[in-house]
Amino acid sequence: VSLDPRDHYWLMRPVDSNANNEGLFYYPYGSDGPEDSYSVHTGLDMPNPIGTPVLAAADGEVIWAGWGLQRAEEEIAAYGNVVDIRHDIGYRGQPIYTLYAHLSAILVQTGDRVRAGQPIGLIGSTGHSSGPHVHFEVRVGRNSWYAVRNPILWMMPYTGTGVIAGRVTFRDGRLAYDVTVTVVDAVTGRTVDTTTTYASDAVNPDDEWNENFALGDIPTGSYDVMTRLNGRLIVQRVRVVEGATAFVELHEPPVTPQPTEAGEE
């Protein structure tokens with residue numbers, strides 16, 4: 001149940017709560033990685049030891065369980081062992097799919113019905129992978145990597161936490177790509193989290209929020225969200241409420257005209 005009607009935290013996490021549930025900080029959804037050297041990321045990578053159970057995020061039907069993703073919509077061997085689920089829930093009349101990649105073992109078959117939290121595979125490092133993790137995608141409307149959304153805005157926040165999402169724009173309204181966003185505790189001054197905005201206009205934002213960055217599992221409280229555009233520091237304060245999205249706009253301010261000296265024209 002979402003506290004804010006704009007939210008849709010309807011999915012469980014793809015690993016158990018005693019495993020690592022955080023995506024790699026240097027390669028979040030929409031990022032092109034350190035030094036812009038990776039392909040734009042279509043999901044979240046959650047590193048865990050090989051053999052850690054991978055869980056279905058919601059009830060649904062397994063529509064692919066095997067090597068790569070070899071379907072009419074796409075064929076991607078880089079995923080290694082994959083499970084792909086079409087869920088019973090929908091969004092705005094559209095189907096929702098989740099994908100789990102790089103598995104060391106697959107525990108279900110195509111056509112199986114699965115329940116939320118059911119083990120469907122084991123974490124591995126198959127396909128194009130630099131280490132053991134599960135690559136988790138959320139797809140809305142069609143089963144294609146062109147239809148992905150940020151999983152942070154679909155997975156239930158932990159008790160006592162919420163999500164900060166937002167949009168960073170230049171003064172002319174253009175989105176600011178690949179800039180650093182920092183979240184600082186307004187009381188202690190401690191940096192709580194850091195991310196980057198999405199790397200290009202090819203990254204899909206959420207249908208409701210239209211964000212270009214998101215950070216999950218932020219403890220409830222007040223925070224200063226900040227970035228720099230053209231050398232100018234931009235700061236907005238937000239309050240994080242449990243189980244909800246706090247949205248913030250970081251907009252480059254207009255140029256302030258400089259006063260002229262007396263007698264100047």
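Predicted model only: the values in this text are computed from it and were never measured. Note that these values count all heavy atoms, side chains included, but never hydrogens, waters or copies made by symmetry.
Within the 4.5 Å cutoff, no side-chain heavy atoms of Val168 are placed close to those of Leu175. The shortest side-chain heavy-atom distance between Asp4 and Tyr9 does not fall under the 4.5 Å cut-off. Annotation: side chain of Ile96 is in contact with side chain of Trp10 (closest heavy-atom distance under 4.5 Å). The side-chain heavy atoms of Ile152 and Val163, taken from C-beta on, include a pair separated by under 4.5 Å. Considering only heavy atoms from C-beta on, Glu252 comes within 4.5 Å of Ile234 through its side chain. Taking the side chain as every heavy atom from C-beta outward, Leu11 and Ile89 approach each other to under 4.5 Å. Proximity of Tyr100 to Asp84: side-chain heavy atoms (C-beta onward) are nowhere separated by under 4.5 Å. Looking at heavy atoms from C-beta onward, Trp154 lies in side-chain contact with His8 at the 4.5 angstrom threshold.
Because its NZ or CZ atom is not both nearer than 6.0 Å to the ring centre of Phe136 and within 45° of the ring axis, Arg13 does not count as a cation-pi partner of that residue.
Between His87 and Tyr97, the ring center distance fails the sub-6.0 Å criterion.
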>> For a side-chain hydrogen bond (donor to acceptor under 3.5 Å, both in side chains) check, start with the C-alpha distance between Tyr198 and Glu211, then their side-chain angles and the critical distance, and finish with the verdict.
In response: CA-CA 9 Å; Tyr198 300 158; Glu211 84 296 341; 2.5 Å; yes
>> Please evaluate residues Tyr27 and His41 with respect to the criterion ring pair (Phe, Tyr, Trp, His ring centres under 6.0 Å), reporting the C-alpha separation (whole Å), side-chain torsions for both, the decisive distance (0.1 Å), and the verdict.
In response: CA-CA 7 Å; Tyr27 198 29; His41 206 191; 3.9 Å; yes
>> Walk me through whether Trp209 and Asp7 qualify under side-chain hydrogen bond (donor to acceptor under 3.5 Å, both in side chains).
In response: CA-CA 9 Å; Trp209 294 108; Asp7 284 330; 3.3 Å; yes
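Residue Arg92 qualifies as enclosed at atom CZ: its count of foreign heavy atoms under 6.0 Å is above 12. Residue Phe170 places its CZ atom among more than 12 non-hydrogen atoms of other residues, nucleotides or ligands, all under 6.0 Å distant.
Panel note: side chain Asn21, backbone Asp16; a donor-acceptor pair is recorded below 3.5 Å. Proximity of a side-chain donor or acceptor of Asn204 to a complementary backbone N or O of Val148 within less than 3.5 Å is detected. Using modelled atom types, one side-chain atom of Arg171 and one backbone atom of Pro253 make a donor-acceptor pair closer than 3.5 Å. Thr191 contributes no side-chain N or O that, together with a main-chain N or O of Val184, makes up a donor-acceptor pair within less than 3.5 Å. Between the Asn20 side chain and the Met46 main chain, no donor and acceptor come within less than 3.5 Å of each other. With hydrogens and angles ignored, the 3.5 Å screen pairs no side-chain donor or acceptor of Arg113 with any backbone N or O of Gly111. Using a distance-only test at 3.5 Å, with no hydrogens or angles considered, no donor-acceptor pair links the side chain of Ser129 to the main chain of Thr126. Counting only distance, with no hydrogens or angles, the side chain of His133 and the backbone of Gly131 share a donor-acceptor pair below 3.5 Å. In terms of modelled atom types and a separation under 3.5 Å, the side chain of Tyr223 and the main chain of Pro219 share a donor-acceptor contact.
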